[in-house]
Amino acid sequence: MALSPIKTCVLGVGLAGLTFHVPFVLALPELFTLTSVLERNPQTPGGKVQQRFGVTTKIHRTIEEVVNDPEVELVIVATPNDTHFPLAKAALEAGKHVLVDKPVTETVKEANELAAIAIAKGLVLYGYQNRRWDSDHLALKRLLSLPSSSPLSLGNLLEFESHYDRYRAGIRSSWKDSAGAVYDLGSHLLDQALKLFGRPARITAFIQNIRGVTKPGVDDIFTIYLHYDPGTPFSNQFTVLLRSHILSVKSPQLRYAVRGTKGMFTKYGLDTQEDQLKAMPSVSSILEPSYGQEPESIYGVVENIADDGVTITKTTWPSDAPGQYIGLFKNLAGAIRNNEELEVKWAETTQVIEMIELAYKSSAAGRTLEVPKL
């Protein structure tokens, strides 16, 4: 017996709502129904969803209307960072399942409070860490899964470097300019690293406002080091370097530089899904074979050292698997309807917020901090 689609309300119809959430809800009618959106000041009767996708849906103007709507089963929070906690809390307390865009909250305390409500009410609470489904990240995971006997194996990793760089001298008319780079982009980089390698022993961070075009306390660049002791996860000491620079003059930008005892992986260029989602004429494009496909021009390169310790062999490492944010939504639906295991666990997204809080403390203190053991 087919289960009924999950009746969904998306809070916010800005970049996040219209690019990363509404298209997938519409593209999966067997799993979701877009029952309504929260749009406080619609400029047309049908609002932004009708303008962008030609779809008519109910428009709520307040969170009170949303939580009191008996039709709504799932609330997707796609609003500015500082509203995530109160909106998610209101939805959970009203008995709604919740998907929260990253960063899920601003503090660990808030994330833990949401978790307690969800557990008490038996609701699904899901963090939107969509970059786990980027084509470049999927290609990297496939490389790291190779057995040590493979001629393309990197061996034990020594250093893992992951970037989200760009060149943007001015500011945008967006709330993201007041959110800070660590919460905006660092939440992606930290999530990927923590999922790959686990909890570090120590953290060192350098966080700055280099352009001086926003409030002094709003960071636009960062470098975060995660330090791993021998045995966690490799027999040797291991370092993760996460970086975002707002004035990086490079095309394509560096994405990964991974150094191991037997080789190195270098990757330039970003996953294509965001650009495709912004430009696609119809949400049906998400289901086409070309969606999420990475151009060969930005495939990664693996360099391996020969037994003589001198000869280096270069091999193109293709991003065979297309980026698939749709996988997150399918898992979300499975968790709600069939009690499937969450691929993005709330404890994992909470750990991301913990590392962000520690990174700011490290940068302010100018020193390396111990990461508390669990």
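By convention here, the first residue in the shown sequence is residue 1.
As a member of the Ile/Leu/Val/Met/Phe/Trp/Tyr network built from side-chain separations under 4.5 Å, L241 groups with F206, Y225.
Criterion: ILVMFWY side-chain heavy atoms under 4.5 Å apart, direct or through other members. Under it, L34 and L277 are part of a common hydrophobic cluster. Under the 4.5 Å side-chain heavy-atom criterion for ILVMFWY residues, a single connected hydrophobic cluster contains both I59 and L18. The hydrophobic cluster containing Y360 also contains L190, counting ILVMFWY residues as joined when their side-chain heavy atoms lie under 4.5 angstrom apart, directly or transitively. Linking Ile, Leu, Val, Met, Phe, Trp and Tyr whenever their side-chain heavy atoms come within less than 4.5 Å leaves L92 and I6 in two separate clusters. Both L99 and V49 belong to a common hydrophobic cluster when Ile, Leu, Val, Met, Phe, Trp and Tyr are linked at side-chain heavy-atom distances under 4.5 angstrom.
Taking 4.5 Å as the limit, every side-chain heavy atom of E73 sits out of range of all side-chain heavy atoms of I336. Side chains of I76 and L74 form a contact here, defined as non-hydrogen atoms less than 4.5 Å apart. Within the 4.5 Å cutoff, side-chain heavy atoms of Y291 are placed close to those of Q324. For the pair T261/F234, no side-chain contact is recorded, criterion being any heavy-atom separation below 4.5 Å from C-beta on. Under the 4.5 Å side-chain criterion, counting only non-hydrogen atoms from C-beta, F85 is not in contact with E106. Side-chain contact between V98 and L123 is absent, with no heavy atoms from C-beta onward closer than 4.5 Å. Residues V301 and W317 are not in side-chain contact: their nearest non-hydrogen atoms beyond the backbone lie 4.5 Å or more apart.
Using modelled atom types, no side-chain atom of E348 and backbone atom of V344 make a donor-acceptor pair closer than 3.5 Å. Side-chain atoms of Y256 do not come within 3.5 Å of backbone N or O of F265 as any donor-acceptor pair. Between the side chain of T83 and the backbone N or O of P80 there is at least one donor-acceptor pair closer than 3.5 Å. A donor-acceptor contact shorter than 3.5 Å links the side chain of D69 to the backbone of E71. Proximity of a side-chain donor or acceptor of W346 to a complementary backbone N or O of A111 within less than 3.5 Å is detected. Remark: side-chain polar atoms of T57 are paired, donor with acceptor, to backbone N or O of S36 under 3.5 angstrom. No donor-acceptor pair under 3.5 Å is formed between the side chain of T232 and the backbone N or O of Y228. Looking at K89, its side chain never comes within 3.5 Å of a backbone N or O of E113 through a donor-acceptor pair. The main-chain N or O of V13 is never found under 3.5 Å from a side-chain atom of E39 such that the two would form a donor-acceptor pair. Using a distance-only test at 3.5 Å, with no hydrogens or angles considered, no donor-acceptor pair links the side chain of H227 to the main chain of P200.
Crowding of N339 atom CG: a count of heavy atoms from other residues, nucleotides or ligands under 6.0 Å not exceeding 12. In the displayed structure, K330 atom NZ is contacted under 6.0 Å by at most 12 heavy atoms of other residues, nucleotides or ligands. Around CD of E30, the count of heavy atoms belonging to other residues, nucleotides or ligands within 6.0 Å exceeds 12.
I298 and L270 make their closest contact through CD1-O, 3.8 Å (heavy atoms, listed as atom of the first residue, atom of the second, distance). Nearest heavy-atom pair, L152 versus T315, reported as atom, atom and distance to 0.1 Å: CD2-OG1, 3.5 Å. In plain terms, the two heavy atoms of L247 and A169 that are nearest each other are CD2-CA, 3.9 Å. For M355 against L194, the heavy-atom pair with the smallest separation is CG-CD1, 3.9 Å.
A donor-acceptor contact closer than 3.5 angstrom links the side chains of N156 and S235. No donor-acceptor contact under 3.5 angstrom links the side chains of E159 and T239, judged on distance only. Between the side chains of Q253 and S248, at least one donor-acceptor pair of N or O atoms lies under 3.5 Å.
Screening residues 361-374 for salt bridge (charged side-chain N to carboxylate O under 4.0 Å, His left out), with sequence neighbours left out, gives no hits. Residue pairs meeting the salt bridge (charged side-chain N to carboxylate O under 4.0 Å, His left out) criterion with at least one member in residues 265-274, sequence neighbours excluded: R131-E274, K267-E294, E274-K278. Within the structure, every pair that satisfies the side chain to side chain donor-acceptor pair (under 3.5 Å) test and touches residues 115-129, not counting sequence neighbours, is listed here: Y126-N331. Note on residues 308-325: pairs passing salt bridge (charged side-chain N to carboxylate O under 4.0 Å, His left out), not counting sequence neighbours, are R142-D320. Every pair passing side chain to side chain donor-acceptor pair (under 3.5 Å) that includes a residue from residues 6-24 is listed here, sequence neighbours excluded: H21-D101.
Here E343 does not pair with R132 in a salt bridge; the nearest charged N to carboxylate O distance is not below 4.0 Å.
Considering I207, N209, I210 in turn, I207 is the only one that fulfils the side-chain contact (heavy atoms from CB on, under 4.5 Å) rule with D219. Screening R243, H163, Q208 for a side chain to side chain donor-acceptor pair (under 3.5 Å) involving T223 leaves a single residue, R243. Of the options D184, N130, N81, a side chain to side chain donor-acceptor pair (under 3.5 Å) to K102 is made by D184 and by none of the others. Only one option out of R168, R211, R166, K215 pairs with D220 in a salt bridge (Lys or Arg N to Asp or Glu O under 4.0 Å); it is R211.
One distance of note links CZ of F238 with CG of L226; it measures 9.0 Å at 0.5 Å rounding. To the nearest 0.5 Å, the span separating CD on Q192 from CZ on F197 amounts to 10.0 Å. Considering OH of Y164 and OG of S187, their distance stands at 9.5 Å, rounded to 0.5 Å. From L342, atom CG reaches atom CG of L328 across 9.5 Å, with rounding to the nearest 0.5 Å. Taking CZ of R259 as the reference point, atom CD of E161 lies at 5.5 Å (rounded to 0.5 Å). Atom OG1 of T105 and atom CG of D82 lie 12.0 Å apart (nearest 0.5 Å).
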